Amino acid sequence: MIEKQIQMVDLHGQYHRLKEEIDAAMQTVIESSVFINGPQVKAFSDHLAKYLDIPYVVPCGNGTDALQIALMALKLQPGDEVIVPAFTYVAAAEVIALLGLTPVLVDVDPHTYNIDPRKIEESISRNTKAIIAVHLFGQSCDMEPILKIAGMYHLYVVEDNAQSIGAEYTFPDGRVKKTGTMGIIGTTSFFPSKPLACYGDGGALMTSDEELAKRIRMIANHGQERKYHHKLIGCNSRLDTLHAAVLDVKLKHIDEFTAARQAVAAKYDEALASCGQLILPRKSTFSTHVYHQYTVRLKPSGDVTDTAKYRESLQASLKEKGIPTMVYYPLPLQAQEAYKWMARTPGNMDEAARLSQCVLSLPIHTEMTGEELEYIIDTLLKELQDRKM
Ligand SMILES: *Cc1c(COP(=O)(O)O)cnc(C)c1O
């Protein structure tokens, strides 16, 4: 056993590595006492825009707000349909529903967990207005075919980049773009466990369109440009100055953090490759992978009829031995009580349903030691071996 408790993500360890820089940045904000819209908010937004190579970054309160503000800025109207992947975090479907729009679910590619572009076209109707491409677990959706279909049908593409900031997509012609900068609007979340994270809630939108950036900024600020003059119906969604200060420090280290997670993933890849009971996450040829999650699929051998039950018992045994694991996500959207009656599902969602039964995310973070990693791998392999019939 190792002394330190293994965690899915080690925020405390990461803080201590950056303590001096972060304490100084936070102290500066507290001394200035400009807690809302302090200069650090603009500085961080500018630095993030530069990092992503996009003209406009507008910060907001969280990643879910970012998606909602994006759809509001695109002036979608009740009854309009928005395509979302069936296997994802709920936020996109939630804001679609809140705005009176209809979520249309599309199945995913079981190897990459991202929306399957080959299944988008059959889901488009006269009412379809947008596609939300969620870059899940750390790598980009296949954007070239998605953008092509969107172009043919005049649809907006919004990229939900909460999990994959820093990942790069290579177009067939060789152009390389960072995720979140290829659609009309990109959104992200700075929730503490995300790849670029603050010490609470935070989010941002990014776009190359100046008019759109202006409208996004207005909507996030009560629909006003001039104080107390409300041109649009908006909301109140801000990134606190303290969080911006923390983010500005962490942004300087983002590529280092990515490399640390990639090294952990490479170790998992190598050590688990020959284990017949696991299907490892596939790296797409067109995208880098920043490994927000390292998510495997269980393929139990022997008599197992219920993979989800097998997974539950495996998780329990690992937990007893000090190894946390997570299931992202135990239900596809079509099976969620709140959405099953309202989402349109033109195609079948078999892959999303299957993934929900067999996915398992292993611990991966910037502070993981070689010793921890070895312990996780050895214990996992032994558990799988013991369960083989
Ligand atoms: C975390 C997450 C969100 C929501 O972000 P919050 O900041 O928690 O509102 C949206 N989409 C995806 C894919 C996420 O992982």
Side-chain angles (χ1 to χ4, degrees), residues 8-9 11 44 48 57-72 82-99 103 105-106 108-109 112-115 130-141 143 146 157-167 179-180 182-183 185-206 216 220 235-240 243-244 246-247 250 261 281 287 289-295 326-333 336 338-339 352 355-356 359 361 364-365:
M8 288 301 287
V9 49
L11 301 176
F44 165 65
L48 183 59
V57 166
V58 182
C60 69
N62 58 69
T64 309
D65 277 4
L67 284 163
Q68 181 175 333
I69 293 164
L71 298 183
M72 289 167 79
V82 181
I83 287 174
V84 282
F87 183 75
T88 187
Y89 185 59
V90 73
E94 185 173 60
V95 303
I96 291 167
L98 280 172
L99 294 173
L105 308 186
V106 169
V108 297
D109 176 335
T112 63
Y113 310 110
N114 277 327
I115 193 165
I131 302 170
I132 298 184
V134 183
H135 304 303
L136 207 67
F137 296 158
Q139 70 182 335
S140 181
C141 296
M143 292 305 290
I146 293 173
V157 174
V158 174
E159 297 173 74
D160 178 350
N161 198 27
Q163 300 192 5
S164 301
I165 201 158
T179 49
M182 296 172 273
I185 301 175
T187 66
T188 198
S189 162
F190 305 125
F191 182 83
S193 65
K194 309 274 165 151
L196 179 62
C198 58
Y199 291 163
D201 280 308
L205 300 96
M206 43 231 71
I216 288 167
C235 54
N236 175 27
S237 190
R238 295 185 282 240
L239 180 68
D240 294 334
H243 292 313
V246 170
L247 285 163
K250 291 222 208 170
R261 286 191 310 273
S287 175
H289 203 319
V290 301
Y291 291 103
H292 172 55
Q293 299 297 340
Y294 188 90
T295 302
M326 289 293 283
V327 174
Y328 304 116
Y329 297 95
L331 289 177
L333 286 180
Q336 296 287 0
Y339 297 98
L355 286 176
S356 295
V359 286
S361 298
I364 189 164
H365 55 74

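Remember, it's a predicted structure, so these values are computed and weren't measured experimentally. Just follow the structure's listing: the first ligand is 1, and inside any ligand the first atom is 1. Heads up: numbering here begins at 1 and tracks the sequence.
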- [ ] Indicate whether the side chain of Asn161 and that of Thr179 have a donor and an acceptor atom separated by less than 3.5 Å.
- [x] yes
- [ ] Taking Arg261 for its side chain and Val290 for its backbone only, find out whether a donor-acceptor pair lies under 3.5 Å.
- [x] yes
Open item on the list: Here's a test for you: under side-chain contact (heavy atoms from CB on, under 4.5 Å), which of Ile69, Leu205, Asp201, Val58 qualifies with Ser237?
Closed with: Ile69
Open item on the list: So, taking the atom named CD1 in Ile165 and the one named NZ in Lys194, what distance separates them when rounded to the nearest 0.5 Å?
Closed with: 11.5 Å
Task: Val108 side chain reached by Asn114 side chain, heavy atoms, under 4.5 Å - done: no
Task: Parallel, tilted or perpendicular: ring planes of Phe137 versus Tyr328, cut at 30 and 60 degrees - done: tilted
Could you list each nitrogen or oxygen of ligand 1 that sits under 3.5 Å from a protein nitrogen or oxygen, with the atom names and the distance?
residue, atom, partner, partner atom, Å
ligand 1, 5 (O), Ser189, OG, 3.3
ligand 1, 7 (O), Gly63, N, 2.7
ligand 1, 7 (O), Ser189, OG, 2.7
ligand 1, 9 (O), Asn62, OD1, 3.3
ligand 1, 9 (O), Gly63, N, 3.3
ligand 1, 9 (O), Thr64, N, 2.8
ligand 1, 9 (O), Thr64, OG1, 2.5
ligand 1, 11 (N), Asp160, OD1, 3.4
ligand 1, 11 (N), Asp160, OD2, 2.6
ligand 1, 15 (O), Gln163, NE2, 2.8
ligand 1, 15 (O), Lys194, NZ, 2.6

